[in-house]
Every structure is written in C-alpha cells, then in structure tokens.
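Quick caveat: nothing in here was measured; it's all calculated off a predicted structure. Below, each value reflects all heavy atoms present in this structure, side chains not excepted, and no hydrogens, waters or symmetry copies.
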Amino acid sequence: MPILVTGGTGYIGGAIVRALAGRGERVRVLARPSSRTEHLERMGVEIAWGDILEADSVRAAIGGCELVFHAAAIYEFGVRDERSLMRTEVEGTRNVLEAALELGARKVVYTSTAAVVGERRGEVGDEQTPHRGYFLTRYERAKFEAERAAQGYLARGLPIVFIKPAAVLGPGDLKPTGRAIVATVNGRLPALFPGVLTVVDVEEVVAAHLAAAGRPAGGHYIVAGHIVSVPELFGAACELAGVRRPPVAPPAAARLYAAVAELRARWAGSTPLVARETVRLLAHGFRCSGAKAARELGVRYRPWRETLTRALIWYWEQGLLRKRPAILS
C-alpha cells in the first residue's frame with residue numbers, strides 16, 4: 001500500500017518523501033496544482049492533486065493508504081493573513097485527520113512543532129511542560145490549536161503520534177532560519193539579535209518521523225538537538241563562510257529593525273526577513289529538550305556546527321551565496 005505524505009513538496013515533508021522512496025516504499029504526495037512536482041515524479045512518487053483545505057481531495061489522496069505523514073503547514077513569522085494561517089494549520093489538519101479516521105488509517109504521524117510546548121522564559125521545555133498560557137507568535141497559536149484538534153481525533157480512536165521539531169537546519173532549508181543565515185552571510189543583515197533557540201538537523205527530524213510510525217498511538221516527541229544563542233549560531237555561519245560577523249544589536253534596535261522590515265514587506269507584498277514576533281520569540285528564548293526522542297526513537301543528534309556546514313555548502317551549490325564559503329577553500 002502507498003504511504004501518503006502531505007506537505008511533500010516542502011522542506012520537512014520533502015525530506016520524508018526522499019527517505020521513504022530511498023527505502024523502496026510506495027509514496028503518494030498530496031500536492032496543489034501550482035506545486036512543482038517533477039523531482040518527485042522522477043523518484044517514482046505518485047502525485048495526488050488537491051489541497052488539505054479541500055476535504056474531497058484529501059479523502060481521495062488517503063484512499064488505500066494505511067500510513068499518513070501529515071507535514072503540510074505554513075511556517076512563517078510576520079504573516080499578515082492570520083486567518084489563512086489558522087485555516088491551513090487547523091482546518092487543514094482536521095480535514096486530513098477526519099479522512100484518515102473515516103478511511104481507517106493504521107497510523108498518522110503528525111508534524112507539530114516544539115514551539116507549542118510553551119516553556120516559560122529561562123526554562124527548558126519537554127513533553128511534560130505545561131504551556132505558559134500565552135503565545136509568542138501567531139505560528140505558535142495556530143499550531144497549538146491544530147494540535148488540540150489532533151488530540152480530539154486521538155480521543156476518537158485515530159492512532160496518531162506527534163513529532164515536534166525545534167528550529168530545523170540543514171541542506172534545503174529556505175524557511176525563516178535558513179533565509180536569515182543566507183542573508184547574514186551575504187551581508188544583508190546589518191546586525192545580529194540577542195536571543196536563544198534550539199536547533200536540530202533535518203535528517204534527525206526525518207529519522208524521528210520514520211521511527212514514530214512504529215510507536216504506540218498518543219506519543220509526543222520533541223526532536224531537538226542543541227540549545228544555542230543567536231549570536232553563536234549566526235556568528236559560526238559567518239566564520240564557516242569566511243565573512244565578517246555583524247555586531248549584536250540591543251533589543252530595542254532589534255525591535256525597530258523588525259518593525260521597519262514588516263513595513264517594507266507589506267509594501268512589497270512579501271514576508272519580512274525578521275518580524276517583531278521573531279524578535280519576541282528569540283528574546284524570550286526557545287529552549288527544549290529532545291532527550292525523549294533520543295531515548296525512545298533512537299534519534300542521534302550530530303554537532304550543530306556540522307549541520308550548519310552542510311547547509312552552507314548546499315546554499316553555495318544552489319547559487320544562494322555571494323562568496324564561496326571558506327570551508328570549501
């Protein structure tokens with residue numbers, strides 16, 4: 001039977017597809033008609049055209065699949081259309097899980113996020129941490145509501161395992177963290193911002209998903225490798241690339257820069273490189289532990305500088321860096 005992956009044209013979902021196809025599995029991807037799927041079709045992946053917001057197309061895609069990886073989501077900060085974000089995360093998740101329940105899927109592995117843990121400032125969150133009771137970003141709120149909806153389907157008998165990645169790094173990352181790394185190395189970010197985040201390699205996230213398919217329903221797993229400061233992470237990217245590290249801006253300057261970036265993005269109809277909620281999240285700190293995933297899923301976390309090195313090489317190979325990284329010299 002085929003395995004369905006939603007979000008299979010995206011970063012995490014695409015990495016899951018490649019891993020499954022590499023194991024010789026039959027893979028089906030739910031993709032919108034506007035998506036580029038040629039690379040998937042070359043791997044022998046079946047394309048089911050549709051959208052997670054279109055319930056009929058979701059049911060058609062899940063038909064005949066016992067295992068579903070639901071990785072489709074909007075992962076952005078500073079989005080203006082919060083309604084669209086909520087619809088995609090919450091309504092889209094409901095559509096996928098409703099169809100999986102109706103059609104008798106054996107297991108759903110749901111890609112949540114470690115952001116929903118909601119640890120308090122200075123605390124390292126884990127799977128037992130109570131949420132702080134307020135949200136730092138609209139993305140956190142949307143994914144929190146989506147996970148709550150998923151818990152409802154778990155209570156109705158749908159076997160779901162929850163995977164909660166921290167900030168994912170590695171080759172292919174053009175999401176907020178990856179874009180900021182590219183901008184910093186290319187000299188487009190005038191300063192680094194104070195803050196803390198937890199990072200994890202995309203390959204470790206994929207390994208957790210695949211292992212989760214064999215775990216009992218109801219399990220929650222944070223996949224998180226290393227807690228690093230923002231200046232440390234981005235400073236290392238500059239060092240590996242052989243470029244000057246920008247200075248670290250005080251919090252007030254970071255907030256001002258983000259506000260201006262949001263205004264420019266609104267005029268351009270784009271997403272800001274740094275949003276005010278990004279600054280708020282980093283200043284609060286995004287700290288979480290992936291110990292349970294290491295213990296129960298067998299995830300092994302590699303050094304974060306190794307992950308960063310692989311990412312920079314990929315950025316260079318894709319023509320995204322202005323200067324050849326020093327690590328390739």
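Once rounded to the nearest 0.5 Å, the distance linking OG1 of Thr307 with CG of Leu312 reads 11.0 Å.
Glu204 contributes a side-chain N or O that, together with a main-chain N or O of Asp201, makes up a donor-acceptor pair within less than 3.5 Å. With Ser35 contributing its side chain and Thr37 its backbone, the two residues share no donor-acceptor pair below 3.5 Å.
In summary, the side chains of Glu98 and Tyr153 do present a donor paired with an acceptor at a separation below 3.5 Å, with no hydrogens or angles considered.
Salt-bridge check for Lys164 with Glu147: passed, with a basic side-chain N closer than 4.0 Å to an acidic carboxylate O. Ion pairing between Arg276 and Glu262 holds under the 4.0 Å rule for side-chain N and carboxylate O. Using a 4.0 Å cut-off between charged nitrogen and carboxylate oxygen, Glu38 and Arg36 count as a salt-bridge pair. Between Arg287 and Glu119 no salt bridge is recorded (no basic side-chain N to carboxylate O distance below 4.0 Å). Under a 4.0 Å N-O distance rule, the pair Arg179/Glu76 qualifies as a salt bridge.
Checked against Val116 for a side chain to side chain contact (heavy atoms under 4.5 Å, CB included), the options Arg148, His131, Lys143 give a single hit: Lys143.
The distance between the ring centers of Phe234 and Phe193 does not fall below 6.0 angstrom.
Among residues at least two apart or in separate chains, there is no ring pair (Phe, Tyr, Trp, His ring centres under 6.0 Å) pair with a member in residues 310-329.
Between Tyr75 and Phe77, the two ring planes are perpendicular [angle over 60°; tilted spans 30° to 60°].
Criterion: ILVMFWY side-chain heavy atoms under 4.5 Å apart, direct or through other members. Under it, Val109 and Val299 are part of a common hydrophobic cluster.
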